[in-house]
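Data first, discussion second: the structure below is written as structure tokens.
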Amino acid sequence: MPLRVTFLGTSGAIPTTDRNPSSIFVAREGEQLLFDAGEGTQRQMMRFGTGFSISQLFVTHCHGDHVLGIPGLLQTMAFNDREEPLEIYTPHGTRRTISSLVNALGNRPSFPVQITEVGDGDVPYRADEYEIRAFATDHDTRSVGYALVEDDRKGRFDRARAEELGVPVGPKFSRLHDGEPVKLDDGTVVEPEQVVGDPRPGRSIVYTGDTRPTVATIKVAREPDLLIHDATFADDRVDRAAKTAHSTARQAAEIASRTSADRLALTHLSSRYAGYTDDHEQQAREVFDGEAFVPDDGDTLEIPYPNDEP
Ligand SMILES: [Zn+2]
Ligand SMILES: [Zn+2]
């Protein structure tokens with residue numbers, strides 16, 4: 001079950017020639033989700049071949065660099081005769097801002113757009129095998145972060161052990177794997193615990209949007225496979241980070257370390273660091289043992305299952 005993240009925009013408030021404002025695209029088995037939509041997001045979707053079939057758009061907050069791509073994106077969707085509804089999630093108190101962007105040109109899109117306000121602890125979206133959780137962030141406007149958290153998967157089925165116990169190959173295997181006891185021809189009952197291992201955790205991705213470092217980021221998902229964290233500044237601007245309600249790369253790495261993330265994507269870089277990301281990566285690596293990196297626009301990551309289990 002592939003889970004793929006494409007960084008559409010990795011710049012801070014002001015874009016650079018190399019970096020677009022914030023937007024992250026996530027694809028999971030036929031479903032496509034978008035997190036934030038800075039100006040120009042639709043062109044990034046074209047450039048990097050993600051397509052436009054998103055069903056859900058999760059907005060972290062209503063600063064321009066996270067939402068100004070919405071009017072253009074929706075207009076293109078309408079030109080493409082989209083009929084499927086689009087759900088937009090946005091922090092409490094920001095519905096009107098999103099609504100005015102959706103209706104920016106004075107007429108409604110030709111397809112249904114549903115706007116839902118969310119807050120800390122909400123689960124705004126629940127799919128078959130995963131959910132999206134909202135969590136509190138600490139920015140200078142109403143804001144939330146989002147985590148995609150997959151359900152636990154069934155434990156591993158020990159086929160050899162089942163055969164040893166005399167279970168015939170066939171439907172009894174899947175009943176055991178589904179957690180049901182089965183009765184053999186000689187009357188023996190085999191319990192699922194005898195042949196099925198412990199449930200295995202699914203994968204998770206946490207995206208903070210703009211924020212100072214917060215404990216909520218650590219609590220929302222256990223040991224995320226990927227943490228995408230505000231790293232607007234490097235150590236040289238730590239005071240400015242606090243003042244403007246952002247984080248430094250080192251602070252992002254401290255959070256990644258405390259939540260035992262596997263990988264840390266440092267994003268939302270201030271335009272003052274255009275073309276130079278070494279400090280961000282080096283300072284993050286000083287406090288985080290996992291993989292810390294500054295993604296470029298267009299970079300795509302596959303998120304494997306832990307330990308490469310199928
Ligand atoms: Zn921003
Ligand atoms: Zn912001």
Side-chain angles (χ1 to χ4, degrees), residues 5-26 33-45 57-73 88-98 100-101 117-120 134-147 205-214 216-217 220 227-234 237-252 255 264-274 277 280 284 294-297 299:
V5 176
T6 302
F7 296 91
L8 296 176
T10 56
S11 177
I14 302 170
T16 68
T17 48
D18 293 327
R19 296 184 188 277
N20 218 65
S22 292
S23 186
I24 290 162
F25 184 92
V26 175
L33 315 172
L34 193 64
F35 295 83
D36 287 334
E39 180 190 345
T41 291
Q42 60 165 326
R43 281 199 73 236
Q44 300 292 82
M45 295 168 93
L57 165 58
F58 299 89
V59 173
T60 59
H61 65 294
C62 288
H63 282 159
D65 55 316
H66 298 253
V67 296
L68 284 175
I70 292 176
L73 177 61
I88 305 179
Y89 306 91
T90 189
H92 282 299
T94 63
R95 176 195 300 276
R96 282 181 62 181
T97 308
I98 296 298
S100 63
L101 288 164
E117 293 189 338
V118 301
D120 184 31
F135 63 96
T137 51
D138 178 14
H139 198 37
D140 56 3
T141 185
R142 295 163 189 273
S143 66
V144 292
Y146 295 100
I205 301 168
V206 176
Y207 170 50
T208 62
D210 295 3
T211 188
R212 296 185 183 97
T214 66
T217 306
V220 68
L227 170 63
I228 305 166
H229 202 291
D230 180 328
T232 307
F233 299 102
R237 295 283 190 291
V238 64
D239 293 342
R240 182 139 182 82
K243 205 169 142 203
T244 57
H246 287 292
S247 299
T248 63
R250 183 183 300 276
Q251 289 167 339
I255 296 291
L264 168 65
L266 301 158
T267 189
H268 199 270
L269 267 66
S270 162
S271 56
R272 74 175 64 245
Y273 303 102
T277 58
H280 278 71
V294 176
D296 290 330
D297 286 14
D299 281 357

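Whatever order the structure lists ligands and atoms in, that order sets their numbers, starting from 1.
- The Zn ion (ligand 2) sits nearest to atom NE2 when only the N, O or S atoms of H139 are considered.
- Note on the Zn ion (ligand 1): protein N/O/S atoms under 2.8 Å are D65 OD2, H66 NE2, D210 OD2, H268 NE2.
- For Y207 and Y146, the gap between ring centers reaches or exceeds 6.0 Å.
- Of the residues L33, V5, L34, the one that meets the side-chain contact (heavy atoms from CB on, under 4.5 Å) test with F25 is L34.
- Residues satisfying the ring pair (Phe, Tyr, Trp, His ring centres under 6.0 Å) criterion with F233, sequence neighbours excluded, are absent altogether.
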Side-chain polar contacts of residues 38-45 - donor-acceptor pairs under 3.5 angstrom, sequence neighbours left out - could you list them?
{"unit_1": "T41", "atom_1": "OG1", "unit_2": "G38", "atom_2": "N", "d": "3.1"}
{"unit_1": "T41", "atom_1": "OG1", "unit_2": "G38", "atom_2": "O", "d": "2.5"}
{"unit_1": "Q42", "atom_1": "OE1", "unit_2": "T76", "atom_2": "OG1", "d": "2.4"}
{"unit_1": "Q42", "atom_1": "NE2", "unit_2": "G72", "atom_2": "O", "d": "3.2"}
{"unit_1": "Q44", "atom_1": "OE1", "unit_2": "R47", "atom_2": "NH1", "d": "3.1"}
{"unit_1": "Q44", "atom_1": "NE2", "unit_2": "L8", "atom_2": "O", "d": "2.6"}
{"unit_1": "Q44", "atom_1": "NE2", "unit_2": "D297", "atom_2": "OD2", "d": "3.1"}

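- Ion pair D230/R212 not flagged as a salt bridge, since none of the NZ, NE, NH1 or NH2 atoms sits closer than 4.0 Å to an Asp/Glu carboxylate oxygen.
- With sequence neighbours excluded, the residues that form a side-chain hydrogen bond (donor to acceptor under 3.5 Å, both in side chains) with D210 are H61, H66, H139, H268.
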